[in-house]
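Protein chains get the first letters and strands the later ones, always in sequence-line order, with residue 1 at the start of each.
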Number of protein chains: 2
Amino acid sequence: MPTSTVEQYIKTIYQQEERCAQDIVQMKQLSEAMGVTPGTATAMVKHLAERKLIRYEPRKGVRLTAGGRELALLMVRRHRLIETFLENVLGYDLSEVHEDAEKLEHAVSDKFIERIDAYLGFPPADPHGDPIPSAEGHIARRDSVPLDHCETGDTIRVARLRNDDPAFLLLMKEQHLTPGEAFVVIDKNETAGTMTVRHDARSRGPITPFTISMGNSSRIMVEPTGTK
Amino acid sequence: MPTSTVEQYIKTIYQQEERCAQDIVQMKQLSEAMGVTPGTATAMVKHLAERKLIRYEPRKGVRLTAGGRELALLMVRRHRLIETFLENVLGYDLSEVHEDAEKLEHAVSDKFIERIDAYLGFPPADPHGDPIPSAEGHIARRDSVPLDHCETGDTIRVARLRNDDPAFLLLMKEQHLTPGEAFVVIDKNETAGTMTVRHDARSRGPITPFTISMGNSSRIMVEPTGTK
DNA sequence: CTGTACTTTTTGATTAATCAAAATAAAACC
DNA sequence: GGTTTTATTTTGATTAATCAAAAAGTACAG
C-alpha cells in the first residue's frame, strides 16, 4: 500500500507528462511541481523506482511504468470524482474544490469512491470538464487544443480548464469561460501576447469581449466547432 | 495544526475517559486503545503535554485539558457526521462506517464538515445513536445506562451501541437491537453472566427472546421507559 | 576547448512516529 | 516485609520524508 506521499509524486509525474506532452519528466520540473527541494525529489525518485512505479534514468529524468500509470489514473479518478461531488452535491465553488480534493483523495477507500461515483450517476467528466478515468483505469481521450493554438475567427467550445489556481478559476467563472460555453476568437495579438474572445451570438453568456494573456489561454482547452 | 496522530491520541483519551467513566487514563489503557507499545504512548504523551492538550502525571496517567477536550470534541463531531453521511447518503452498512470514518476524519476541512452537516439536515445523533457535538463543542448529555445495569422486568429503549466491532454491530442489527427499538428485560442471570431481552409487544420487531453476555450488554446503552 | 550557468546528486542533519528490550517504580500477595 | 507481578519509563535503533549546502555533472557561448 503506497503512502499518500508516494501517491502524490506518482500523480504529479503523470500530470507533468500529460500537461507538457513529455515522455520524460526532469527532476527540476518534478521538485518544483511537488514543492520540495531537488535533493528530496532525487531521494524519493529512487524509492519509486525500487517500487517499480517509475523508470529512473539518472541525470535525465523519470517516466511512469505501467504500474505507475495505473496508480496515477486511480488517483486522478479519485481526485476528479471528489471534485465533482464537492461541487455538485455540497455546493462548493469551482475555485474551492481542488484544495479539499487534494487531501481527501489520499484518505478515501475504494468503496467510498465507487459509492460516490454511483451517487453522482457515473459522470463522464468533472466540473473542470476533465474526463474521469474508469475504475479499470481507462480514460477518454479528447481532441481539444489549448486556446492559444486558435486563430482569429475560430469558433470554439470550452472543454476544460487546465489550471488549479483558485484566482484563475474565479476569473474564468466571472467571464462564463466554463466547460461547454461557446465562443468566437475575435482577436489574437502575438505582439501583445493576448487573445480576445466573446460569447457566441447564440449562447446565453454576455457578448462583451474578454481579453486574456497567452499564458492563461494555454491553460484553456477548447474544441473547435467550425471556422468562419 | 495537530498531526492526524495527535488528533487520534486526543480522541482516544477522550473516549477512554468517557467509556470508562474515569477522570484519568492510564498508559496501559491508552497504549492498548491506540494499538502501540507502552513506550510509544509515554513518548507521545509527553509531547501532548507540551502542546498543552493534556495534563500528564508521570506513573499515574493523563487527562485532557480544556484545549484537549475542545480538539477531542471536534474530532468526535467529524467522526459522527462522517458516519451519518456514509450510512444515510452513501448507503453504507452500520458495521462498515467506522473504518472509513476513522481515516476521513483526519483529512476533511471544516468547510467540508459544515456542508455535510447542512446536507444531512443538522442531525442530532449518528446512526449508532451517539449525539453529534456542535461546531462550538457542545454535546448533548443523555441519561442512558448500560443494559447490564437493568433488572428483570425493566422496559427500555436502545439509545446507543457503544462498540465499534463490526461483528458486534452486525449481530445487533440482525436482532433489531438498534437505537430507538423498545425492549423488555425478561431475564438477568448473574451466574451465567447473560441477559435475555425481547422486543416490546407494541414494537415491530420479532418477539423471539435474545440472549447476550453481560460483557456485550455493558456496551448497549439504554433509556428506561418504565418498570413493570 | 574553456569557463560560466544550470541541473542533479550527494552528504549530513532533523522531525515525527514507531518498536524492542532493559531498567525502574508501584502494587499485590502471602 | 520481602518477593513476585504488573505498569511505566528509558534507551537505542529504525523508517519516511524532508532541508541546506556542498559536490559533481551537463550544456552551451564564445
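Regarding A/Arg51, its CZ atom lies at a distance of 11 Å from the C1' atom of D/dA16, rounded to whole Å. C/dT8 atom P lies 12 Å from atom NZ of A/Lys60, rounded to whole Å. Computed from coordinates, the B/Lys28 NZ to D/dT6 C1' distance equals 8 Å when rounded to whole Å. Separating the NE2 atom of B/His106 from the C1' atom of C/dA16 is a distance of 16 Å, rounded to the nearest angstrom. With rounding to whole Å, B/Ile10 atom CD1 is found 12 Å from C/dA17 atom P. Here the P atom of nucleotide D/dT8 and the CD atom of B/Glu57 are 13 Å apart, to the nearest Å. Nucleotide D/dT8 holds its C1' atom 14 Å from the CD atom of B/Gln29, rounded to whole Å. Protein atom CE of A/Met44 is 16 Å distant from nucleotide atom C1' of C/dT9, rounded to whole Å.
At the phosphate of C/dA16, neither OP1 nor OP2 sits under 4.0 Å from any side-chain N or O atom of B/Thr3. Side-chain N/O atoms of A/Tyr9 include one lying less than 4.0 angstrom from OP1 or OP2 on D/dT18. Residue B/Thr37 places none of its side-chain N or O atoms closer than 4.0 Å to OP1 or OP2 of C/dA20. Contact between the side-chain N/O atoms of B/Lys46 and the OP1/OP2 oxygens of D/dT10 is found at a separation under 4.0 Å. Put simply, A/Thr40 has a side-chain N or O that comes within less than 4.0 Å of OP1 or OP2 on D/dC19. Contact annotation: B/Tyr56 side-chain N/O to D/dT8 OP1/OP2 distance is not under 4.0 Å.
Ring pair B/Phe85/A/Phe85: centre-to-centre distance below 6.0 Å.
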Please walk me through it: do B/Glu96 and B/Leu170 pass side-chain contact (heavy atoms from CB on, under 4.5 Å)? CA-CA 9 Å; B/Glu96 307 171 319; B/Leu170 217 54; over 6 Å; no
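Between A/Gln16 and A/Gln26, the side chains place no donor N or O within less than 3.5 Å of an acceptor N or O (distance only, hydrogens not considered).
Remark: side-chain polar atoms of B/Arg80 are paired, donor with acceptor, to backbone N or O of B/Pro131 under 3.5 angstrom.
The A/Ala43 side chain lies nearest to D/dT18 when the options are D/dT18, D/dT8, C/dT9. Listed nucleotides C/dT18, C/dA20, D/dT8 differ in distance to B/Val36; the shortest reach to its side chain belongs to C/dT18. For A/His47, whose side chain is taken as the heavy atoms from C-beta onward, the closest listed nucleotide among D/dA24, D/dA17, C/dT18 is D/dA17. If you check C/dA17, C/dT8, D/dT8 against the side chain of B/Met27, the one that comes closest is D/dT8.
Contact annotation for B/Thr42: base contact, defined as any heavy-atom pair under 4.0 Å involving a base atom.
Minimum interatomic distance between B/Ser144 and B/Met221 (heavy atoms only, all atoms of both residues): O-CE, 3.5 Å.
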